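A short worksheet on the structure shown next.
Worth saying up front: this structure is predicted, and the values here are computed from it rather than measured. Protein chains get the first letters and strands the later ones, always in sequence-line order, with residue 1 at the start of each.
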Amino acid sequence: MSLSDELYRETILDHYHNPRNQGTLEGDKVLSVEGVNPLCGDELVLYLKVENDKVVDLAIKSRGCSINTASCSMMTEAVKGQSLAQVEEMIETFKNMMMKPEVQDIPEEFEDLEALQGVKKYPVRIKCALLPWNTLIEGLRCAESRASGSTEGPKTVSTE
Amino acid sequence: MLVCRQMEALDTAKIRQDFPVLQRMINGKRLVYLDNAATSQKPKQVIDAISNYYSNYNANIHRGIHTLSEEATEAFEAVRPKLASFIGAADAREIIFTRNATEAINLVAQSWGRQNIKEGDEIILSPMEHHSNLVPWQMLAKEKNARLVFLKLTEDGLLDIESLKEALNPKSKIIAVTQMSNVLGSIVPLEEVCALAKSNGTLVLVDGAQGVPHIAIDVKKTGMDFLVFSMHKMCGPTGVGVLWGKAELLEAMPPVMGGGDMISMVWRDRYTPNQIPWKFEAGTPNIADVIASGVAIDYLNSIGMDRIRAHEIELTDYALKRFSELKDVTVYGPKDPALKGGVISFNLKGLHPHDVGQVVNEDAVAIRVGHHCCQPLMRDLDLMGTARASFYIYTEKSEIDLLIDSLINVQKVLGHVAL
(Lines give C-alpha, C1' and ligand atoms only; values in the text may rest on other atoms or scores of the structure.)
Protein backbone atom coordinates (compact mmCIF):
# COMPACT_ATOMS: atom_id res chain seq x y z
CA MET A 1 0.00 0.00 0.00
CA SER A 2 1.51 3.31 -1.04
CA LEU A 3 1.54 6.24 1.29
CA SER A 4 -0.95 8.17 -0.73
CA ASP A 5 -3.40 5.30 -0.58
CA GLU A 6 -2.97 5.41 3.15
CA LEU A 7 -3.34 9.17 3.31
CA TYR A 8 -6.37 9.34 1.11
CA ARG A 9 -7.93 6.17 2.27
CA GLU A 10 -11.56 5.63 1.82
CA THR A 11 -12.85 7.37 4.93
CA ILE A 12 -11.12 10.63 4.04
CA LEU A 13 -12.21 10.48 0.43
CA ASP A 14 -15.76 9.75 1.51
CA HIS A 15 -15.89 12.90 3.66
CA TYR A 16 -14.12 14.89 0.93
CA HIS A 17 -16.59 13.86 -1.73
CA ASN A 18 -19.64 14.20 0.54
CA PRO A 19 -18.81 16.66 3.31
CA ARG A 20 -21.29 16.58 6.23
CA ASN A 21 -22.77 19.73 7.73
CA GLN A 22 -21.40 21.85 4.89
CA GLY A 23 -23.19 25.17 4.68
CA THR A 24 -24.25 28.09 6.85
CA LEU A 25 -26.45 28.61 9.90
CA GLU A 26 -28.56 31.66 10.64
CA GLY A 27 -30.07 33.15 13.75
CA ASP A 28 -29.25 35.45 16.66
CA LYS A 29 -27.50 32.80 18.66
CA VAL A 30 -25.23 31.66 15.83
CA LEU A 31 -21.58 32.68 16.04
CA SER A 32 -19.45 32.70 12.93
CA VAL A 33 -15.65 32.42 12.95
CA GLU A 34 -13.29 32.53 9.98
CA GLY A 35 -10.29 30.25 9.63
CA VAL A 36 -7.58 30.55 6.99
CA ASN A 37 -4.49 28.58 6.10
CA PRO A 38 -2.39 31.03 4.05
CA LEU A 39 0.09 28.30 3.15
CA CYS A 40 -2.25 26.34 0.93
CA GLY A 41 -5.27 28.57 0.73
CA ASP A 42 -7.78 26.64 2.86
CA GLU A 43 -10.58 28.95 3.91
CA LEU A 44 -13.54 28.23 6.11
CA VAL A 45 -16.29 29.86 8.11
CA LEU A 46 -17.51 27.95 11.14
CA TYR A 47 -21.10 28.54 12.28
CA LEU A 48 -21.67 27.57 15.87
CA LYS A 49 -24.67 27.55 18.12
CA VAL A 50 -24.09 26.92 21.82
CA GLU A 51 -26.97 26.62 24.27
CA ASN A 52 -27.06 25.29 27.84
CA ASP A 53 -23.39 24.32 27.70
CA LYS A 54 -23.99 22.22 24.63
CA VAL A 55 -23.03 22.55 20.97
CA VAL A 56 -26.56 22.28 19.67
CA ASP A 57 -25.72 22.92 16.05
CA LEU A 58 -22.78 23.71 13.83
CA ALA A 59 -21.96 23.95 10.15
CA ILE A 60 -18.91 24.84 8.09
CA LYS A 61 -18.68 26.58 4.76
CA SER A 62 -15.24 25.66 3.48
CA ARG A 63 -13.05 25.71 0.41
CA GLY A 64 -9.95 23.63 0.81
CA CYS A 65 -7.97 20.52 0.10
CA SER A 66 -9.13 16.97 0.79
CA ILE A 67 -7.56 16.79 4.26
CA ASN A 68 -9.07 20.08 5.32
CA THR A 69 -12.51 19.31 3.91
CA ALA A 70 -12.55 15.85 5.48
CA SER A 71 -11.38 17.16 8.85
CA CYS A 72 -14.15 19.80 8.80
CA SER A 73 -16.75 17.18 7.96
CA MET A 74 -15.59 14.68 10.57
CA MET A 75 -15.32 17.33 13.27
CA THR A 76 -18.87 18.58 12.76
CA GLU A 77 -20.18 15.03 13.01
CA ALA A 78 -18.22 14.31 16.16
CA VAL A 79 -19.02 17.55 17.96
CA LYS A 80 -22.67 18.17 17.15
CA GLY A 81 -24.91 17.64 20.17
CA GLN A 82 -22.05 17.17 22.62
CA SER A 83 -21.59 19.04 25.87
CA LEU A 84 -18.89 21.71 26.02
CA ALA A 85 -16.89 19.56 28.41
CA GLN A 86 -16.99 16.65 25.99
CA VAL A 87 -16.05 18.90 23.08
CA GLU A 88 -13.08 20.30 24.94
CA GLU A 89 -11.91 16.80 25.70
CA MET A 90 -12.26 15.88 22.03
CA ILE A 91 -10.23 18.87 20.94
CA GLU A 92 -7.49 17.87 23.35
CA THR A 93 -7.54 14.26 22.16
CA PHE A 94 -7.53 15.21 18.49
CA LYS A 95 -4.62 17.61 18.91
CA ASN A 96 -2.66 14.97 20.78
CA MET A 97 -3.42 12.43 18.11
CA MET A 98 -2.13 14.75 15.40
CA MET A 99 0.84 16.28 17.19
CA LYS A 100 2.32 13.43 19.20
CA PRO A 101 4.34 10.73 17.52
CA GLU A 102 3.02 7.73 19.43
CA VAL A 103 -0.44 6.43 18.59
CA GLN A 104 -2.80 7.52 21.35
CA ASP A 105 -5.71 5.62 22.80
CA ILE A 106 -8.40 6.76 20.43
CA PRO A 107 -11.84 7.04 22.04
CA GLU A 108 -14.70 5.21 20.35
CA GLU A 109 -16.67 8.31 19.43
CA PHE A 110 -13.80 9.36 17.17
CA GLU A 111 -14.67 6.73 14.60
CA ASP A 112 -13.73 8.38 11.29
CA LEU A 113 -11.40 10.97 12.80
CA GLU A 114 -8.85 8.27 13.42
CA ALA A 115 -8.29 8.09 9.65
CA LEU A 116 -6.65 11.53 9.78
CA GLN A 117 -3.71 10.07 11.68
CA GLY A 118 -2.15 9.18 8.32
CA VAL A 119 -1.56 12.91 7.80
CA LYS A 120 1.02 12.91 10.59
CA LYS A 121 3.66 11.70 8.17
CA TYR A 122 3.22 14.90 6.15
CA PRO A 123 4.00 17.71 8.59
CA VAL A 124 2.98 20.52 6.25
CA ARG A 125 -0.50 19.11 6.01
CA ILE A 126 -1.16 18.70 9.72
CA LYS A 127 -2.21 22.36 9.60
CA CYS A 128 -4.90 21.52 7.05
CA ALA A 129 -6.37 18.96 9.46
CA LEU A 130 -6.08 21.22 12.51
CA LEU A 131 -7.64 24.34 11.01
CA PRO A 132 -11.32 23.54 11.73
CA TRP A 133 -10.39 22.50 15.28
CA ASN A 134 -8.45 25.67 15.96
CA THR A 135 -11.36 27.65 14.56
CA LEU A 136 -13.70 25.76 16.88
CA ILE A 137 -11.52 26.69 19.88
CA GLU A 138 -11.90 30.37 18.97
CA GLY A 139 -15.65 29.87 18.50
CA LEU A 140 -16.01 28.29 21.92
CA ARG A 141 -13.92 31.01 23.54
CA CYS A 142 -16.14 33.62 21.99
CA ALA A 143 -19.33 31.80 22.96
CA GLU A 144 -18.12 31.71 26.54
CA SER A 145 -17.31 35.40 26.67
CA ARG A 146 -20.67 36.21 25.10
CA ALA A 147 -22.41 34.16 27.76
CA SER A 148 -20.70 36.30 30.39
CA GLY A 149 -21.93 39.47 28.70
CA SER A 150 -19.01 40.47 26.49
CA THR A 151 -19.73 41.80 22.98
CA GLU A 152 -16.25 41.04 21.66
CA GLY A 153 -16.33 39.39 18.23
CA PRO A 154 -14.29 36.37 17.21
CA LYS A 155 -10.83 36.74 15.72
CA THR A 156 -9.93 35.18 12.40
CA VAL A 157 -7.97 32.01 13.03
CA SER A 158 -4.83 31.61 10.93
CA THR A 159 -2.46 28.70 10.91
CA GLU A 160 0.53 30.98 10.35
CA MET B 1 27.85 38.54 -41.98
CA LEU B 2 25.72 36.53 -39.63
CA VAL B 3 26.12 32.84 -40.15
CA CYS B 4 23.12 30.76 -39.24
CA ARG B 5 24.01 27.35 -37.98
CA GLN B 6 22.02 24.54 -36.53
CA MET B 7 22.08 24.84 -32.77
CA GLU B 8 23.27 21.64 -31.17
CA ALA B 9 20.69 20.22 -28.77
CA LEU B 10 21.60 19.84 -25.09
CA ASP B 11 23.07 16.52 -24.06
CA THR B 12 20.86 16.14 -21.00
CA ALA B 13 22.25 12.69 -20.22
CA LYS B 14 25.72 14.20 -19.88
CA ILE B 15 24.47 17.24 -17.97
CA ARG B 16 22.57 15.02 -15.54
CA GLN B 17 25.82 13.32 -14.54
CA ASP B 18 26.98 16.65 -13.06
CA PHE B 19 24.01 16.82 -10.66
CA PRO B 20 24.41 14.35 -7.79
CA VAL B 21 20.90 14.91 -6.42
CA LEU B 22 19.30 13.68 -9.64
CA GLN B 23 20.38 10.16 -8.63
CA ARG B 24 18.22 10.43 -5.52
CA MET B 25 15.53 7.78 -5.04
CA ILE B 26 12.24 8.76 -3.41
CA ASN B 27 9.67 6.13 -2.50
CA GLY B 28 11.74 3.66 -4.49
CA LYS B 29 11.64 5.74 -7.66
CA ARG B 30 14.17 8.04 -9.31
CA LEU B 31 13.57 11.73 -8.52
CA VAL B 32 11.77 13.71 -11.23
CA TYR B 33 12.64 17.27 -10.26
CA LEU B 34 10.19 19.73 -11.81
CA ASP B 35 10.39 22.57 -9.28
CA ASN B 36 13.11 24.61 -10.95
CA ALA B 37 11.23 27.89 -10.76
CA ALA B 38 11.57 27.60 -6.96
CA THR B 39 15.24 26.64 -7.03
CA SER B 40 17.49 24.77 -9.42
CA GLN B 41 19.68 21.84 -8.50
CA LYS B 42 23.46 22.36 -8.25
CA PRO B 43 26.17 20.74 -10.34
CA LYS B 44 29.08 19.11 -8.53
CA GLN B 45 31.40 21.83 -9.88
CA VAL B 46 29.50 24.39 -7.77
CA ILE B 47 29.32 22.12 -4.74
CA ASP B 48 33.06 21.46 -5.01
CA ALA B 49 33.85 25.17 -5.25
CA ILE B 50 32.24 25.76 -1.86
CA SER B 51 34.11 22.87 -0.30
CA ASN B 52 37.37 23.98 -1.94
CA TYR B 53 37.07 27.50 -0.52
CA TYR B 54 36.49 26.30 3.03
CA SER B 55 39.12 23.56 2.74
CA ASN B 56 41.91 25.58 1.13
CA TYR B 57 41.64 29.36 1.32
CA ASN B 58 38.91 30.39 3.77
CA ALA B 59 39.66 33.97 4.89
CA ASN B 60 37.89 37.28 5.19
CA ILE B 61 38.23 39.54 2.17
CA HIS B 62 39.28 43.12 1.42
CA ARG B 63 41.47 43.62 4.48
CA GLY B 64 43.98 40.87 4.94
CA ILE B 65 47.51 40.92 3.68
CA HIS B 66 48.09 37.23 4.16
CA THR B 67 47.99 34.72 1.34
CA LEU B 68 44.60 33.23 2.15
CA SER B 69 42.91 36.62 2.31
CA GLU B 70 44.46 37.68 -0.96
CA GLU B 71 43.32 34.49 -2.65
CA ALA B 72 39.81 34.81 -1.24
CA THR B 73 39.55 38.49 -2.23
CA GLU B 74 40.75 37.77 -5.72
CA ALA B 75 38.33 34.86 -6.19
CA PHE B 76 35.43 36.89 -4.77
CA GLU B 77 36.05 39.99 -6.87
CA ALA B 78 36.61 37.92 -10.03
CA VAL B 79 32.91 37.00 -9.94
CA ARG B 80 31.80 40.62 -10.50
CA PRO B 81 33.18 41.03 -14.06
CA LYS B 82 31.96 37.52 -14.88
CA LEU B 83 28.42 38.46 -13.86
CA ALA B 84 28.67 41.82 -15.62
CA SER B 85 29.53 40.19 -18.92
CA PHE B 86 26.85 37.51 -18.39
CA ILE B 87 24.15 40.21 -18.42
CA GLY B 88 25.78 42.53 -20.95
CA ALA B 89 26.95 45.19 -18.49
CA ALA B 90 30.21 46.96 -19.26
CA ASP B 91 31.21 47.92 -15.75
CA ALA B 92 31.83 45.38 -12.96
CA ARG B 93 31.30 48.15 -10.36
CA GLU B 94 27.63 47.98 -11.27
CA ILE B 95 27.30 44.48 -9.78
CA ILE B 96 26.20 44.48 -6.12
CA PHE B 97 25.91 41.29 -4.10
CA THR B 98 22.88 40.83 -1.87
CA ARG B 99 21.36 37.83 -0.12
CA ASN B 100 18.76 37.26 -2.82
CA ALA B 101 16.72 39.05 -5.49
CA THR B 102 14.24 40.15 -2.82
CA GLU B 103 16.94 42.00 -0.90
CA ALA B 104 18.10 43.63 -4.15
CA ILE B 105 14.59 45.00 -4.82
CA ASN B 106 14.31 46.21 -1.22
CA LEU B 107 17.67 47.93 -1.60
CA VAL B 108 16.44 49.90 -4.63
CA ALA B 109 13.08 50.71 -3.00
CA GLN B 110 14.70 51.92 0.22
CA SER B 111 17.66 53.73 -1.30
CA TRP B 112 16.62 55.08 -4.71
CA GLY B 113 12.95 55.01 -3.73
CA ARG B 114 13.22 57.00 -0.51
CA GLN B 115 15.42 59.54 -2.25
CA ASN B 116 13.30 59.97 -5.38
CA ILE B 117 9.67 59.05 -4.71
CA LYS B 118 7.51 61.90 -3.46
CA GLU B 119 3.88 62.26 -2.46
CA GLY B 120 1.54 61.59 -5.40
CA ASP B 121 4.21 59.86 -7.50
CA GLU B 122 3.28 56.65 -9.26
CA ILE B 123 5.01 53.26 -9.21
CA ILE B 124 3.91 51.00 -12.06
CA LEU B 125 3.72 47.22 -11.54
CA SER B 126 2.38 44.28 -13.48
CA PRO B 127 -0.40 42.21 -11.91
CA MET B 128 1.77 39.09 -12.02
CA GLU B 129 4.60 40.27 -9.79
CA HIS B 130 5.97 37.97 -7.12
CA HIS B 131 5.35 39.30 -3.61
CA SER B 132 9.03 40.29 -3.58
CA ASN B 133 8.45 42.82 -6.35
CA LEU B 134 5.24 44.10 -4.80
CA VAL B 135 5.53 44.37 -1.02
CA PRO B 136 8.73 46.52 -1.02
CA TRP B 137 6.89 49.02 -3.27
CA GLN B 138 3.79 48.89 -1.05
CA MET B 139 6.03 49.77 1.90
CA LEU B 140 7.61 52.66 -0.01
CA ALA B 141 4.26 53.92 -1.32
CA LYS B 142 2.81 53.91 2.19
CA GLU B 143 5.77 55.82 3.59
CA LYS B 144 5.72 58.44 0.83
CA ASN B 145 2.01 58.62 0.08
CA ALA B 146 2.76 57.47 -3.42
CA ARG B 147 0.46 55.37 -5.58
CA LEU B 148 0.85 51.88 -7.02
CA VAL B 149 -0.53 51.55 -10.55
CA PHE B 150 -1.19 48.09 -12.00
CA LEU B 151 -0.95 47.21 -15.67
CA LYS B 152 -3.28 44.71 -17.31
CA LEU B 153 -2.79 41.25 -18.76
CA THR B 154 -4.21 40.01 -22.03
CA GLU B 155 -6.51 37.00 -21.99
CA ASP B 156 -3.48 34.77 -22.64
CA GLY B 157 -1.73 36.13 -19.58
CA LEU B 158 0.72 38.33 -21.46
CA LEU B 159 1.49 41.90 -20.45
CA ASP B 160 -0.89 44.31 -22.16
CA ILE B 161 1.44 46.94 -23.61
CA GLU B 162 -1.50 49.26 -24.36
CA SER B 163 -2.18 49.46 -20.63
CA LEU B 164 1.38 50.68 -20.11
CA LYS B 165 0.93 53.40 -22.73
CA GLU B 166 -2.21 54.50 -20.89
CA ALA B 167 -0.58 54.35 -17.46
CA LEU B 168 2.49 56.44 -18.24
CA ASN B 169 2.28 60.09 -17.20
CA PRO B 170 4.59 62.70 -15.66
CA LYS B 171 4.05 61.20 -12.19
CA SER B 172 5.26 57.72 -13.27
CA LYS B 173 8.65 57.40 -11.59
CA ILE B 174 9.50 53.73 -11.95
CA ILE B 175 8.18 50.57 -13.57
CA ALA B 176 8.99 47.39 -11.62
CA VAL B 177 8.27 44.39 -13.76
CA THR B 178 9.22 40.74 -14.01
CA GLN B 179 11.17 39.40 -16.97
CA MET B 180 9.11 36.21 -16.79
CA SER B 181 6.13 35.28 -14.61
CA ASN B 182 6.84 32.49 -12.14
CA VAL B 183 3.21 31.38 -12.42
CA LEU B 184 2.15 31.89 -16.03
CA GLY B 185 5.60 31.70 -17.61
CA SER B 186 4.72 34.83 -19.62
CA ILE B 187 7.78 36.61 -20.98
CA VAL B 188 7.57 40.40 -20.78
CA PRO B 189 8.73 42.32 -23.90
CA LEU B 190 11.35 44.30 -21.99
CA GLU B 191 12.71 46.29 -24.93
CA GLU B 192 9.26 47.66 -25.62
CA VAL B 193 8.64 48.41 -21.94
CA CYS B 194 12.01 50.16 -21.58
CA ALA B 195 11.56 52.22 -24.77
CA LEU B 196 8.15 53.48 -23.59
CA ALA B 197 9.51 54.18 -20.12
CA LYS B 198 12.53 56.05 -21.43
CA SER B 199 10.43 58.33 -23.62
CA ASN B 200 8.46 59.21 -20.48
CA GLY B 201 11.51 59.71 -18.25
CA THR B 202 10.52 56.70 -16.14
CA LEU B 203 13.03 54.19 -14.76
CA VAL B 204 12.65 50.43 -15.18
CA LEU B 205 13.56 47.78 -12.62
CA VAL B 206 13.46 44.25 -13.99
CA ASP B 207 12.93 41.29 -11.66
CA GLY B 208 15.02 38.69 -13.44
CA ALA B 209 14.74 35.99 -10.77
CA GLN B 210 12.80 33.77 -13.18
CA GLY B 211 14.12 35.07 -16.48
CA VAL B 212 17.90 35.41 -16.12
CA PRO B 213 18.48 31.67 -15.43
CA HIS B 214 16.71 30.73 -18.66
CA ILE B 215 16.95 33.53 -21.21
CA ALA B 216 20.04 35.49 -22.32
CA ILE B 217 19.68 39.10 -21.22
CA ASP B 218 21.54 42.24 -22.29
CA VAL B 219 20.93 45.12 -19.91
CA LYS B 220 22.51 47.69 -22.27
CA LYS B 221 20.59 46.65 -25.34
CA THR B 222 17.32 46.32 -23.47
CA GLY B 223 17.72 49.73 -21.86
CA MET B 224 16.69 48.95 -18.29
CA ASP B 225 17.98 50.79 -15.22
CA PHE B 226 18.05 48.06 -12.60
CA LEU B 227 18.12 44.27 -12.87
CA VAL B 228 17.87 41.85 -9.95
CA PHE B 229 18.28 38.10 -9.93
CA SER B 230 19.15 35.22 -7.65
CA MET B 231 21.94 32.70 -8.17
CA HIS B 232 20.18 29.74 -6.55
CA LYS B 233 17.74 29.49 -9.44
CA MET B 234 20.62 29.19 -11.92
CA CYS B 235 22.81 26.36 -10.63
CA GLY B 236 24.37 28.55 -7.94
CA PRO B 237 24.10 28.28 -4.16
CA THR B 238 21.41 29.92 -2.02
CA GLY B 239 22.30 33.17 -0.31
CA VAL B 240 23.55 35.17 -3.29
CA GLY B 241 21.41 37.75 -5.05
CA VAL B 242 22.61 40.27 -7.58
CA LEU B 243 21.63 43.88 -8.12
CA TRP B 244 22.81 45.49 -11.33
CA GLY B 245 22.20 49.22 -11.72
CA LYS B 246 23.51 51.96 -13.96
CA ALA B 247 26.64 53.37 -12.33
CA GLU B 248 25.38 56.97 -12.33
CA LEU B 249 22.21 55.88 -10.52
CA LEU B 250 24.07 53.76 -7.96
CA GLU B 251 26.55 56.54 -7.29
CA ALA B 252 23.76 58.98 -6.48
CA MET B 253 21.96 56.54 -4.18
CA PRO B 254 22.54 56.56 -0.41
CA PRO B 255 23.65 53.36 1.34
CA VAL B 256 20.93 51.44 3.18
CA MET B 257 23.00 49.41 5.63
CA GLY B 258 25.89 50.78 7.65
CA GLY B 259 28.92 48.86 8.85
CA GLY B 260 32.26 47.54 7.74
CA ASP B 261 33.32 47.60 4.09
CA MET B 262 30.69 50.17 3.08
CA ILE B 263 32.72 53.06 4.48
CA SER B 264 35.69 55.06 3.33
CA MET B 265 36.48 57.06 6.50
CA VAL B 266 34.83 56.91 9.90
CA TRP B 267 34.92 59.42 12.76
CA ARG B 268 33.11 59.33 16.06
CA ASP B 269 30.17 61.28 14.68
CA ARG B 270 30.19 60.63 10.95
CA TYR B 271 31.44 58.57 8.05
CA THR B 272 32.07 58.88 4.35
CA PRO B 273 30.74 56.10 2.17
CA ASN B 274 32.88 53.77 0.09
CA GLN B 275 32.73 53.70 -3.70
CA ILE B 276 30.23 51.51 -5.52
CA PRO B 277 29.71 48.58 -5.37
CA TRP B 278 31.04 48.24 -1.81
CA LYS B 279 28.94 51.19 -0.59
CA PHE B 280 25.98 48.77 -0.62
CA GLU B 281 27.77 45.75 0.82
CA ALA B 282 28.05 46.30 4.57
CA GLY B 283 29.62 43.53 6.61
CA THR B 284 31.31 40.28 5.64
CA PRO B 285 29.58 39.02 2.52
CA ASN B 286 28.71 35.45 1.58
CA ILE B 287 32.22 34.79 0.28
CA ALA B 288 32.00 31.04 -0.39
CA ASP B 289 28.69 31.22 -2.18
CA VAL B 290 29.67 34.24 -4.28
CA ILE B 291 32.78 32.36 -5.43
CA ALA B 292 30.64 29.30 -6.21
CA SER B 293 28.22 31.58 -8.09
CA GLY B 294 31.06 32.39 -10.47
CA VAL B 295 31.43 28.66 -11.12
CA ALA B 296 27.68 28.44 -11.81
CA ILE B 297 28.03 31.20 -14.42
CA ASP B 298 30.95 29.31 -16.02
CA TYR B 299 28.78 26.21 -16.07
CA LEU B 300 25.87 27.96 -17.80
CA ASN B 301 28.23 29.66 -20.25
CA SER B 302 29.78 26.31 -21.12
CA ILE B 303 26.33 25.13 -22.19
CA GLY B 304 25.26 28.42 -23.74
CA MET B 305 22.16 30.44 -22.85
CA ASP B 306 20.77 30.23 -26.40
CA ARG B 307 20.88 26.45 -26.29
CA ILE B 308 19.27 26.47 -22.85
CA ARG B 309 16.42 28.61 -24.15
CA ALA B 310 15.98 26.37 -27.22
CA HIS B 311 15.91 23.27 -24.99
CA GLU B 312 13.22 24.80 -22.78
CA ILE B 313 11.09 25.90 -25.72
CA GLU B 314 11.19 22.31 -26.96
CA LEU B 315 10.26 20.94 -23.52
CA THR B 316 7.45 23.46 -23.07
CA ASP B 317 6.06 22.68 -26.52
CA TYR B 318 6.12 18.97 -25.66
CA ALA B 319 4.58 19.51 -22.23
CA LEU B 320 1.75 21.65 -23.62
CA LYS B 321 0.97 18.88 -26.13
CA ARG B 322 1.00 16.20 -23.44
CA PHE B 323 -1.20 18.30 -21.14
CA SER B 324 -3.70 18.81 -23.95
CA GLU B 325 -4.17 15.03 -24.00
CA LEU B 326 -5.25 15.01 -20.33
CA LYS B 327 -8.90 15.18 -19.40
CA ASP B 328 -10.26 17.79 -17.01
CA VAL B 329 -7.14 19.93 -16.86
CA THR B 330 -6.73 23.69 -17.12
CA VAL B 331 -3.33 25.12 -18.10
CA TYR B 332 -2.80 28.81 -17.29
CA GLY B 333 -0.79 31.36 -19.23
CA PRO B 334 0.26 31.70 -22.86
CA LYS B 335 0.07 28.59 -25.03
CA ASP B 336 2.84 29.65 -27.41
CA PRO B 337 6.17 28.26 -26.13
CA ALA B 338 8.02 31.12 -27.81
CA LEU B 339 6.23 33.57 -25.50
CA LYS B 340 6.70 31.70 -22.27
CA GLY B 341 9.39 30.11 -20.14
CA GLY B 342 9.54 26.47 -19.11
CA VAL B 343 6.71 26.77 -16.60
CA ILE B 344 3.39 24.94 -16.75
CA SER B 345 0.83 26.04 -14.16
CA PHE B 346 -2.26 23.91 -14.09
CA ASN B 347 -5.18 22.56 -12.13
CA LEU B 348 -6.98 19.27 -12.39
CA LYS B 349 -10.73 19.82 -12.34
CA GLY B 350 -12.22 19.50 -8.90
CA LEU B 351 -8.93 18.77 -7.16
CA HIS B 352 -7.01 20.97 -4.77
CA PRO B 353 -3.42 21.56 -5.94
CA HIS B 354 -2.04 20.39 -2.58
CA ASP B 355 -3.68 17.02 -3.03
CA VAL B 356 -2.25 16.80 -6.56
CA GLY B 357 1.26 17.66 -5.35
CA GLN B 358 1.07 15.14 -2.53
CA VAL B 359 0.01 12.25 -4.72
CA VAL B 360 2.54 12.89 -7.53
CA ASN B 361 5.22 13.00 -4.83
CA GLU B 362 4.51 9.31 -4.30
CA ASP B 363 5.87 8.84 -7.81
CA ALA B 364 8.95 10.92 -6.84
CA VAL B 365 7.69 13.79 -9.00
CA ALA B 366 8.53 17.12 -7.36
CA ILE B 367 6.25 19.97 -8.39
CA ARG B 368 5.19 23.17 -6.66
CA VAL B 369 1.66 23.80 -5.44
CA GLY B 370 -0.03 26.82 -3.93
CA HIS B 371 -0.12 30.54 -4.66
CA HIS B 372 3.55 30.74 -5.70
CA CYS B 373 3.97 34.01 -3.76
CA CYS B 374 1.49 35.65 -6.15
CA GLN B 375 -1.66 35.98 -4.05
CA PRO B 376 -3.03 39.01 -5.97
CA LEU B 377 -2.69 37.15 -9.30
CA MET B 378 -4.44 34.11 -7.81
CA ARG B 379 -7.27 36.38 -6.71
CA ASP B 380 -7.47 37.89 -10.23
CA LEU B 381 -7.75 34.38 -11.66
CA ASP B 382 -10.18 33.34 -8.88
CA LEU B 383 -7.98 30.42 -7.90
CA MET B 384 -6.93 28.98 -4.54
CA GLY B 385 -3.66 28.05 -6.16
CA THR B 386 -2.19 26.02 -8.95
CA ALA B 387 0.15 23.11 -9.40
CA ARG B 388 3.28 24.08 -11.30
CA ALA B 389 5.88 22.07 -13.16
CA SER B 390 9.01 23.97 -14.20
CA PHE B 391 11.98 22.81 -16.25
CA TYR B 392 15.70 23.37 -16.56
CA ILE B 393 18.80 22.19 -18.39
CA TYR B 394 18.63 18.62 -17.06
CA THR B 395 14.90 18.09 -17.65
CA GLU B 396 14.03 15.37 -20.15
CA LYS B 397 10.88 14.69 -22.12
CA SER B 398 10.62 11.30 -20.40
CA GLU B 399 10.19 13.18 -17.11
CA ILE B 400 7.25 15.10 -18.54
CA ASP B 401 5.78 11.72 -19.51
CA LEU B 402 6.23 10.52 -15.92
CA LEU B 403 4.44 13.63 -14.66
CA ILE B 404 1.53 13.05 -17.04
CA ASP B 405 1.28 9.38 -16.01
CA SER B 406 1.32 10.42 -12.40
CA LEU B 407 -1.43 13.00 -12.96
CA ILE B 408 -3.64 10.36 -14.57
CA ASN B 409 -3.08 8.31 -11.42
CA VAL B 410 -4.06 11.32 -9.27
CA GLN B 411 -7.37 11.51 -11.05
CA LYS B 412 -7.86 7.80 -10.38
CA VAL B 413 -6.91 8.01 -6.70
CA LEU B 414 -8.80 11.17 -5.80
CA GLY B 415 -11.71 10.94 -8.19
CA HIS B 416 -13.80 13.93 -9.06
CA VAL B 417 -15.22 16.38 -6.62
CA ALA B 418 -17.68 19.14 -7.33
CA LEU B 419 -16.15 22.23 -5.75
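The heavy-atom pair separating B:Leu383 from A:Arg63 by the smallest distance is C-NH2, 4.0 Å. Taking both residues in full, the closest heavy atoms of A:Leu13 and B:Val413 are given as CD1-O, 3.3 Å, listed atom of the first, atom of the second, then distance.
Using a distance-only test at 3.5 Å, with no hydrogens or angles considered, no donor-acceptor pair links the side chain of B:His354 to the main chain of A:Ile67.
Counting heavy atoms of neighbouring residues, nucleotides and ligands inside a 6.0 Å radius, atom CG of A:Asp53 does not exceed 12 of them. In A:Lys80, the NZ atom is crowded: over 12 heavy atoms of neighbouring residues, nucleotides or ligands sit closer than 6.0 Å. The environment of CD in A:Glu26 is sparse: at most 12 heavy-atom neighbours from other residues, nucleotides or ligands sit within 6.0 Å. The number of heavy atoms from other shown groups lying within 6.0 Å of CZ (B:Arg24) does not exceed 12. Residue-environment remark: NZ (B:Lys335) exceeds the threshold of 12 foreign heavy atoms within 6.0 Å.
The closest side-chain heavy-atom distance from B:Asp355 to A:Arg125 is below 4.5 Å. Side-chain contact between B:His352 and A:Asp42 is present, with heavy atoms from C-beta onward closer than 4.5 Å.
Atoms CG and OG, on B:Leu351 and A:Ser66 in that order, are 8.5 Å from each other to the nearest 0.5 Å.
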